[in-house]
Amino acid sequence: MKLELQRLIKRFGTHTVLDGIDLALEDVHCLALIGPSGGGKSTLLRLVAGLEYPSAGTVSLNGAQIDYTDEALLRHRRSIGTVFQAYNLFPHLTALRNITLPLEVVHGRSAEDARDLARATLDRFQLLAHAHKRPAELSGGQRQRVAIARAIAIKPQVVLLDEPTSALDPEMTAEVLELIEELKNEGRDLLLVTHEMGFARHVADRVALLAEGRIAEFGPPEQLFAAPESDATRAFLRRVLKY
Ligand SMILES: Nc1ncnc2c1ncn2[C@@H]1O[C@H](COP(=O)(O)OP(=O)(O)O)[C@@H](O)[C@H]1O
Ligand SMILES: [Mg+2]
């Protein structure tokens, strides 16, 4: 993916959450966004997804500047796959229907086409046996895998994942991280907010540390984790790697 943020500012009322972010990257397949809670990671992801408007500045994805007018945003959102921490799925619908519904309603696929695509995607993630189950009948890990399958089924230009494992126990975390790594290996473009430092180090080709609304550090994981250059990164890593 190619991503360019220029002087990006986001305020909620008088609270400045993103304080003039500049970032330019190209040929990155997995960008991990890390940093302290409240630092603006989710807000940045939502701006890239077109779910929030910037207060100032621009975002360009794969060479096209995101147009934050209502009509253009609807189109932009359709080109992005998003997976959040939890509660991604409609609780009253089966896994299969959770995938076919957006394909039909948002992407204009016929019922038959949507069903074929949804089944193929579930099959691809070894989830076909669960197609008829509702979220409550699935484990947390299976739920997140279905949510990722749904994000992939729309053939997005990039998949945004916001702490996709933070509501899961370690075993379920592992099955979801394995799936994310597979996506990366397939050549999908991912923008991942995560607290799993070991995973970020392993899977990301670039890492950005966001703290107090600014990018405190950006670089390849080997460098950022082994020889952090900024005080904010050192303080953050000391805290999260302590136990
Ligand atoms: N819709 C909103 N309205 C007001 N404040 C918000 C909103 N969304 C986020 N914030 C505030 O923005 C700050 C950054 O939040 P967030 O982007 O969720 O950080 P992170 O994901 O890094 O924990 C927090 O102080 C949060 O309370
Ligand atoms: Mg967040």
Side-chain angles (χ1 to χ4, degrees), residues 1 30 42 45-52 61 66 70-194 196 199:
M1 84 182 114
C30 182
S42 296
L45 222 61
R46 291 173 59 78
L47 281 164
V48 175
L51 298 167
E52 290 283 357
L61 184 61
I66 300 174
D70 289 347
E71 207 172 313
L73 270 191
L74 289 178
R75 253 194 326 275
H76 174 70
R77 286 180 199 141
R78 283 201 287 267
S79 77
I80 307 285
T82 46
V83 178
F84 299 104
Q85 179 177 339
Y87 313 112
N88 279 290
L89 301 174
F90 298 113
H92 60 295
L93 301 178
T94 64
L96 185 78
R97 192 65 185 130
N98 262 284
I99 300 178
T100 59
L101 187 72
L103 285 171
E104 290 173 35
V105 175
V106 183
H107 296 269
R109 301 280 194 132
S110 70
E112 197 187 358
D113 200 15
R115 198 184 154 78
D116 288 349
L117 182 51
R119 290 185 62 89
T121 312
L122 285 171
D123 193 25
R124 148 93 189 66
F125 296 134
Q126 290 90 49
L127 289 163
L128 201 50
H130 305 297
H132 62 287
K133 295 182 187 169
R134 285 171 219 281
E137 299 169 276
L138 299 170
S139 74
Q142 289 163 347
R143 255 178 257 157
Q144 279 305 61
R145 282 160 55 213
V146 171
I148 294 170
R150 179 173 65 180
I152 296 300
I154 67 160
K155 306 203 187 322
Q157 56 168 335
V158 53
V159 184
L160 309 182
L161 301 131
D162 193 353
E163 297 187 18
T165 62
S166 62
L168 303 177
D169 67 30
E171 206 178 334
M172 293 177 187
T173 294
E175 73 181 56
V176 172
L177 295 182
E178 276 161 23
L179 176 52
I180 294 170
E181 186 175 11
E182 270 182 57
L183 297 181
K184 157 94 194 291
N185 293 339
E186 271 182 2
R188 308 226 184 226
D189 285 340
L190 311 175
L191 205 173
L192 168 71
V193 174
T194 186
E196 304 282 344
F199 184 67

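Sequential numbering from 1 along the given sequence is applied to the chain's residues. Because only heavy atoms are used, hydrogens play no part in the values below, and waters and symmetry mates are left out as well, while side chains stay in.
Here L183 contributes atom CG and E178 contributes atom CD; the two are 12.0 Å apart, rounded to the nearest 0.5 Å. Distance SG/C30 to CG/N185: 10.0 Å, rounded to 0.5 Å. To the nearest 0.5 Å, atoms CD (E196) and OG (S166) are separated by 8.5 Å. With values rounded to the nearest 0.5 angstrom, H107 atom NE2 is found 12.5 Å from D113 atom CG. Here S79 contributes atom OG and I66 contributes atom CD1; the two are 8.0 Å apart, rounded to the nearest 0.5 Å. Summarising the geometry, atom CG belonging to L161 is positioned 5.5 Å from atom CD1 belonging to I148; distances are rounded to the nearest 0.5 Å.
For L47 against E52, the heavy-atom pair with the smallest separation is CD2-O, 3.4 Å. Residues L160 and L45 come closest through the heavy atom pair CD1-O, 3.5 Å. A129 approaches H132 most closely through the heavy-atom pair O-CE1, 3.2 Å. Nearest heavy atom pair, residue A149 against residue T121, reads O-CG2, 3.4 Å. Pairing each heavy atom of M172 with each of G140, the nearest pair is SD-N, 3.6 Å. Closest heavy-atom contact between Q142 and L127: O-CD2, 4.4 Å.
Side-chain contact, R97 with T94: no donor N or O sits under 3.5 Å from an acceptor N or O. Donor-acceptor pairing under 3.5 Å is lacking for the side chains of D162 and Q85.
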Verdict with reasoning, V146 to N88, per side-chain contact (heavy atoms from CB on, under 4.5 Å): CA-CA 9 Å; V146 171; N88 279 290; over 6 Å; no

Go through it in stages, so that I can follow the logic: the residues are E112 and R115, the test is side-chain contact (heavy atoms from CB on, under 4.5 Å), and I'd like the CA-CA distance, side-chain angles, deciding distance and then a yes or no. CA-CA 5 Å; E112 197 187 358; R115 198 184 154 78; 5.7 Å; no

Pair D189, Q157 - check side chain to side chain donor-acceptor pair (under 3.5 Å), show working. CA-CA 7 Å; D189 285 340; Q157 56 168 335; over 6 Å; no

Exercise for the section: Before giving the answer on side-chain contact (heavy atoms from CB on, under 4.5 Å), spell out for L103 and I154 the whole-Å C-alpha distance, their side-chain angles and the decisive distance to 0.1 Å. Expected result: CA-CA 7 Å; L103 285 171; I154 67 160; 4.1 Å; yes

_Walk me through whether L122 and H130 qualify under side-chain contact (heavy atoms from CB on, under 4.5 Å)._
CA-CA 8 Å; L122 285 171; H130 305 297; over 6 Å; no

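Looking at heavy atoms from C-beta onward, R150 lies in side-chain contact with L89 at the 4.5 angstrom threshold. Between V83 and Q144 the shortest side-chain heavy-atom distance falls below 4.5 Å. L61 places a side-chain heavy atom less than 4.5 Å from the side chain of V158. With a 4.5 Å cut-off on side-chain heavy atoms, L177 and E181 do not count as touching. Put simply, the side chain of L93 does not reach to within 4.5 Å of the side chain of P135, judged on heavy atoms. Looking at L192 and F199, their side chains come closer than 4.5 Å, going by heavy atoms from C-beta outward. Side-chain contact between I180 and L190 is present, with heavy atoms from C-beta onward closer than 4.5 Å. Here the side chains of V176 and R145 are in contact, with some heavy-atom distance below 4.5 Å.
More than 12 heavy atoms of other residues, nucleotides or ligands sit less than 6.0 Å from atom CD of E186.
Stacking of R143 on the aromatic ring of F90 is not recorded, the 6.0 Å distance cut-off and the 45° axial limit not both being met.
The backbone N or O of L101 lies less than 3.5 Å from no partner atom in the side chain of E104, so there is not a single donor-acceptor pair. A donor-acceptor pair under 3.5 Å links the side-chain atoms of R134 to the main chain of H92, judged by distance alone.
We find that E182 and R124 are joined by a salt bridge, their nearest charged nitrogen and carboxylate oxygen being less than 4.0 Å apart.
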